[in-house]
There are 2 protein chains.
Amino acid sequence: MKAEIIAVGTELLLGQIVNTNAAFLSQELAALGINVYHHVVVGDNAKRLEAVLEQAEKRSDLIILTGGLGPTKDDMTKQTVAAHLKKKLVIDQNALEKINVFHQASNRPMTENNRLQALVIEGSTVLANKTGLAAGMFLKKDTVNYLLLPGPPNELKPMFLNEAKPLLQKENPTESLMVSRVLRFYGIGESRLVTVLDDLIEEQTNPTLAPYAGDYEVTLRITANGDSQSCCKLLLDNLEEKIQLRVGEYFYGYGDTTRLAEVVVDLLKERTITITAAESLTGGGFQSMLASIPGASDIFNGGFVAYQNEIKEQLLGVSAKTLNEKGAVSKECAIEMAEGVQKLMKTKMALSFTGVAGPAMLENQPVGTVWIALAQENQPTIAICHHFARDRNGNREQAILAGFDFIRRVVLSLPIEIES
Amino acid sequence: MKAEIIAVGTELLLGQIVNTNAAFLSQELAALGINVYHHVVVGDNAKRLEAVLEQAEKRSDLIILTGGLGPTKDDMTKQTVAAHLKKKLVIDQNALEKINVFHQASNRPMTENNRLQALVIEGSTVLANKTGLAAGMFLKKDTVNYLLLPGPPNELKPMFLNEAKPLLQKENPTESLMVSRVLRFYGIGESRLVTVLDDLIEEQTNPTLAPYAGDYEVTLRITANGDSQSCCKLLLDNLEEKIQLRVGEYFYGYGDTTRLAEVVVDLLKERTITITAAESLTGGGFQSMLASIPGASDIFNGGFVAYQNEIKEQLLGVSAKTLNEKGAVSKECAIEMAEGVQKLMKTKMALSFTGVAGPAMLENQPVGTVWIALAQENQPTIAICHHFARDRNGNREQAILAGFDFIRRVVLSLPIEIES
C-alpha cells in the first residue's frame with residue numbers, strides 16, 4: 001500500500017507551526033508495512049486542495065488528510081473532499097451529542113459553527129475524537145482509501161492509534177513483520193562508514209541498511225522483513241555481525257536515543273570506576289553531561305573547571321615551568337591537570353581537557369586543537385590530541401564526546417589514536 | 001512570486017526527522033513577501049523527485065529543494081535537477097578547496113565521495129557553506145528559479161540568510177518594506193505574556209505581533225510595513241515602548257539567536273565583574289554555558305563541581321552541621337557554597353546551585369526544588385528557591401538559565417522573587 005500525507009493549513013505554509021503530524025504518522029505507517037512516498041502541505045484553499053487530491057489519487061492508495069476539520073471558515077477539508085468525491089455531508093449523531101455535552105458542561109453558548117463539527121462525509125466510518133470535538137473519517141472510493149484526521153497533535157495521535165490504525169491493519173493485512181535495529185557509532189564520519197560498508201549497502205534487499213549522520217555521530221538503521229520475530233532477529237544478527245567486524249570499534253550502543261555518555265556511565269558503574277575531571281576549554285561541559293545521566297553520582301563526586309592558567313597552577317598543581325615552556329595547550333599540561341585532579345579527588349580515573357575552542361588562536365595553536373589526558377590509579381597517564389574543525393561550541397561539544405569515547409576505549413581496551 | 005519547498009529525504013518519509021526546514025524557510029519567505037503555496041516531501045528516489053519537480057514547475061516560480069546534497073549514494077538532488085534541466089555537473093573550485101582543507105585539518109582520509117560534494121550544476125550561482133561541506137546553488141531556467149540548499153538545519157539556515165536571501169530579494173523586489181524586530185523574554189510564560197498584551201494583540205494591524213514559545217523562554221516578533229526603514233523603525237519603537245512598559249523586567253535582549261548567557265556575560269564585562277560558581281545538580285552546566293560565550297575568559301577563571309556532599313564540605317568549606325541539620329538542598333548550604341567558592345576564587349560575584357534534578361526525591365524534597373545563592377564582595381549573600389516542573393535535564397537547564405537571570409536582575413537592580 002502506498003500512502004501520502006496531506007496536511008491542510010495556511011499556518012504551516014507561513015512557518016508558524018512545524019508539521020510534526022507527518023513525522024508521527026510516517027513512523028506509525030512504516031511499522032504497519034505501509035510505504036509513505038509523499039508528504040504535501042497545502043493552505044486553506046479549496047481549489048488548491050482539490051488539485052493536490054487529484055494528484056495524490058494518481059499515485060497513492062491511501063490518502064491521509066490532517067487538519068481543517070475545525071469550526072471556522074478556514075476549515076474546509078471535509079467539505080472539499082466531499083465535493084470532490086461527489087458525496088454529501090451529514091450530521092453524525094454521536095459527534096453532535098458530544099458537542100452538545102461539551103457546551104453544556106463548560107457553560108458556553110453553542111454557535112451554528114459548532115454544529116458544523118458534527119458533519120461527516122456520508123458513507124464514511126466515523127472516528128471518535130476523545131480529546132477534542134472534530135470527528136475523523138475513513139472512507140474508500142474505487143481503489144483509494146481516504147483518512148481524515150484533526151490537526152492538533154493531541155487529537156490526531158489518540159484518534160490514529162485507537163481508531164484509524166485497526167482499520168488500516170484490516171485494509172493492509174501483512175503477513176510479514178518489519179523489525180528495525182539502530183546501531184550507533186562515534187568517531188567515524190558518514191562518508192567513511194558508507195565507504196567501508198559499500199558492498200553491504202549496494203547489495204541490500206533484506207535486511208535494508210540506512211545510514212544517518214547526526215550532529216557528531218552516525219547511526220545505521222537495519223531493518224528486516226520476515227514471518228516471525230525470531231526470523232527477523234536472525235536476519236538482523238547476521239548483518240550486524242558483518243558490520244561489527246568492520247567498524248565494531250566505533251560502535252557504542254543500540255537504539256534511537258541512547259547517548260554515548262549513558263553507555264560510558266554504565267561501563268564505569270559496572271566496574272565501579274570512580275571518575276573526576278579538570279576542564280579548561282570545555283568549561284564544565286564534560287561533568288555536566290556526566291551529571292545529566294541518572295545514577296552518575298555512583299561514580300562521580302565532583303571536579304574542577306580550570307579555565308585560566310592561574311587556576312590550573314593554584315588548584316591543580318600544574319607547574320609554572322610547564323605553563324611557561326609548553327603552554328596550557330600541551331600534552332604536558334593536560335597530563336599534569338589529569339594527575340593533579342586525580343590526586344585531589346582520589347578517584348580511579350581522571351580526565352582533563354585543554355585546548356583552543358576558538359574563535360581566535362591561542363598560544364599560536366590553531367582553533368580546534370584539543371589535548372585530553374586520562375590518569376588512572378597505578379597506570380601511566382595517556383594523552384591524546386584532536387584537531388576539530390568546527391566553530392567554538394562545535395569544538396567544545398566534540399571535545400566532550402571525544403572524552404567519553406576515550407574512557408570507553410580505555411575501559412574496553414580498544415585501540416587509541418594518540419593524535420587524530 | 002509563488003514558492004514551493006521540496007524536501008528530499010527518505011528519513012523524513014520514515015518519520016525519523018521532522019521537516020523544520022520548511023517552517024524556517026516559510027517564515028523567511030513570508031518576510032520577503034514571497035507566497036509559499038506548497039510544501040512537498042519526497043524520498044531519495046530520482047524518478048519520484050523528477051515527477052515532483054515537473055508538478056512544481058507548473059504552479060510555482062521559485063522551487064526550493066532542501067537535502068540530498070551530501071556525499072552518499074542516497075544523495076541525488078543536484079544530479080536529478082541537473083538531468084531534469086539538461087545541464088552538466090561541474091567541479092566548483094572553492095567548494096573543492098574547502099573540502100580539501102577540512103580533511104587535512106581534521107586529519108581524515110578524503111574519499112572519492114567527498115569530492116562529489118564539490119560538484120555543482122553548471123551556470124548556477126554557487127552558495128558557500130560556512131558550516132558544512134555541501135555547496136548550495138541558485139539558478140534560473142525559463143521563468144522558474146531553483147534554489148538548492150543542504151538538509152542539516154545548521155547548514156541550511158546560515159546559507160539561506162547570508163547567501164540566498166539577497167539573491168531572492170533581487171529577484172522579487174517589493175516596494176513596501178517589511179521590518180521585523182524580535183524581543184526575547186525570560187521568566188514569563190507565553191500565556192501570561194499573551195494575557196498581559198491581549199489588547200495589543202487583538203488590535204494589531206501594522207505592526208503585527210507574534211508570540212512564540214521556545215523551550216524555556218518566549219519571544220515576540222513585531223513586524224512593521226512601511227515605505228522606508230525609518231518609518232518602519234518608528235512604528236516598531238512605538239509598539240515596543242508599550243510592550244516594555246508592561247513586561248520590561250522580563251525582557252533581556254533582541255534578535256533571533258541572542259542567548260541570555262550572552263547578554264549576562266556582556267553585562268559582567270561592561271562592569272568588570274568577575275564570576276565563579278560551585279555547582280551541584282547542574283554539574284558544571286552553568287560554567288559550561290558561561291564558557292560557551294566568546295570572551296567569557298575576561299570575567300571567568302574557573303570554579304567547582306561539587307556533586308556530592310563530601311566535596312561541598314572538603315573543597316568549599318560547607319559546614320558538617322549545615323549538611324546534617326539542613327541538608328544539601330537548603331538555603332544555608334547554597335549560601336555557604338557561594339561564599340566558599342567566592343573566597344577561594346577571589347571573584348566579585350559567585351553563584352551556587354544545589355537542588356533535586358530528579359528522577360527521585362532527595363532529602364525528602366520534591367523533584368525540581370533548586371536553591372541558587374549569589375555571593376558578592378561586601379554585600380549580603382542572596383538565595384532564591386525555585387520549583388521547576390520538568391524532567392531531570394529540563395530542571396537542570398531551567399536552573400542554569402535561572403542562574404543567569406538572577407545575575408541579570410542583581411546587576412540591573414531589578415526585582416527578585418525569593419521563592420518562585
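Both backbone and side-chain heavy atoms feed into the values below; hydrogens, waters and symmetry mates do not. Please read these numbers as outputs of a predicted model, since none were measured by experiment. Residue numbers start from 1 in every chain, and the chains themselves are labelled A, B, ... in the order their sequence lines are given, proteins ahead of strands.
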Which of residues 48-56 of chain A have a heavy atom under 4.5 Å from any heavy atom of chain B? A:R48, A:V52, A:Q55

Could you have a look at B:N19, B:L290, B:I6, B:I17 and say which one has the most heavy-atom pairs with chain A under 4.5 angstrom? B:I17

Between B:V36, B:I5, B:I400, B:T131, the one whose heavy-atom pairs under 4.5 Å with chain A are most numerous: B:V36

Report which part of [X] has an atom under 4.5 Å of a heavy atom belonging to chain B: side chain, backbone, both, or neither.
{"X": "A:S292", "value": "both"}
{"X": "A:V40", "value": "both"}
{"X": "A:L315", "value": "side chain"}
{"X": "A:I311", "value": "side chain"}
{"X": "A:R390", "value": "neither"}
{"X": "A:E4", "value": "neither"}
{"X": "A:A30", "value": "side chain"}
{"X": "A:E279", "value": "neither"}

Heavy-atom closest pair, residues [X] and [Y]:
{"X": "B:S26", "Y": "A:L14", "value": "CB-C, 3.8 Å"}
{"X": "A:V18", "Y": "B:V18", "value": "CG1-CG1, 3.2 Å"}
{"X": "A:I293", "Y": "B:R392", "value": "O-NH2, 3.4 Å"}
{"X": "B:N114", "Y": "A:S191", "value": "ND2-OG, 3.2 Å"}

For a side-chain contact (heavy atoms from CB on, under 4.5 Å) check, start with the C-alpha distance between B:T72 and A:E190, then their side-chain angles and the critical distance, and finish with the verdict. CA-CA 8 Å; B:T72 73; A:E190 188 190 18; 3.8 Å; yes

Under the side-chain contact (heavy atoms from CB on, under 4.5 Å) rule, what do B:V42 and A:H38 come out as? Steps first, then yes or no, please. CA-CA 5 Å; B:V42 65; A:H38 298 88; 4.3 Å; yes

Do [X] side-chain atoms and [Y] backbone N/O form a donor-acceptor pair below 3.5 Å?
{"X": "B:Q308", "Y": "A:S297", "answer": "yes"}
{"X": "B:R396", "Y": "A:S288", "answer": "yes"}
{"X": "B:Q287", "Y": "A:G284", "answer": "no"}

Measuring from A:L13:CG to B:L29:CG, what's the distance to the nearest 0.5 Å? 11.0 Å

I need the residue from A:R221, A:E202, A:E28 with the largest number of non-hydrogen atom pairs under 4.5 Å to chain B. A:R221

Choice from A:A291, A:A357, A:G368, A:G302 maximising heavy atom contacts with chain B below 4.5 Å: A:A291

Identify which part of [X] has an atom lying under 4.5 Å from any heavy atom of chain A, answering side chain, backbone, both or neither.
{"X": "B:P294", "value": "both"}
{"X": "B:N301", "value": "both"}
{"X": "B:L25", "value": "neither"}
{"X": "B:T20", "value": "both"}
{"X": "B:E310", "value": "side chain"}

Checking A:P366 now: which residues fulfil side-chain contact (heavy atoms from CB on, under 4.5 Å) with it, not counting sequence neighbours? A:T369

Passes side-chain contact (heavy atoms from CB on, under 4.5 Å), A:F300 versus B:V305? Steps please. CA-CA 10 Å; A:F300 174 58; B:V305 179; 3.8 Å; yes

